Enquirer: 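Before we start, here is the structure in question, set down as structure tokens.
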Amino acid sequence: MPYDDPDETDPMTLTGVEIEVDDLSAAREMAECFIEEYIRIGLSAESILSLFTEGEFAGPSLALRQLGREELQAMIQQQFQLRGPHGRGVKIESSPGGHIHLPILES
């Protein structure tokens, strides 16, 4: 099947659906998932908040608009309290040349 011509009868075709909700529970749940993932890869609270505030990513930007900065900061602190300062995650070290070092791969 050509890339630009998907088969409409293919059950494995990726289909996105937008669902509008009346409350902010979906935005909170989405933000919690982002925050947990960012903690697990070893980002600091400040770095996580900047991912929401810089506007580069659609999901975090939407969460910021819907929930506000103060609520996101509270959610980040709550997740750090739950997971500890290192989040039981992967430590990522980067060098000035842009190379990424993952110590977990060396164990």
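Nothing here was measured: the structure is a model prediction, and the numbers come from that model.
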Enquirer: Which pairs, with at least one residue in residues 53-68 and sequence neighbours excluded, count as a side-chain hydrogen bond (donor to acceptor under 3.5 Å, both in side chains)?
Expert: none
Enquirer: Quick one: salt bridge (Lys or Arg N to Asp or Glu O under 4.0 Å) partners of E71, sequence neighbours excluded?
Expert: R28
Enquirer: Closest heavy-atom contact between F52 and A63?
Expert: CE2-CB, 4.0 Å
Enquirer: Provide the closest heavy-atom pair for L72 versus A31 in the form atom of the first, atom of the second, distance.
Expert: CD2-CB, 3.9 Å
Enquirer: Let me confirm one number: the CZ-CD1 distance from F34 to I39, rounded to the nearest 0.5 Å.
Expert: 14.0 Å
Enquirer: Identify the two heavy atoms, one from D23 and one from S25, that lie closest to each other, and give their separation to 0.1 Å.
Expert: OD1-OG, 2.8 Å
Enquirer: Do S50 and S47 have side-chain N/O donor and acceptor atoms under 3.5 Å apart?
Expert: no
Enquirer: With a 4.5 Å cut-off on side-chain heavy atoms, are M30 and L62 touching?
Expert: yes
Enquirer: Under the side-chain contact (heavy atoms from CB on, under 4.5 Å) test, which residues partner E32, sequence neighbours left out?
Expert: M75
Enquirer: Find the distance between CD1 (I35) and CD (Q77) and round it off to the nearest 0.5 Å.
Expert: 10.0 Å
Enquirer: Please name the residue in the list L49, L43, I76 that meets the side chain to side chain contact (heavy atoms under 4.5 Å, CB included) test with Y38.
Expert: L43
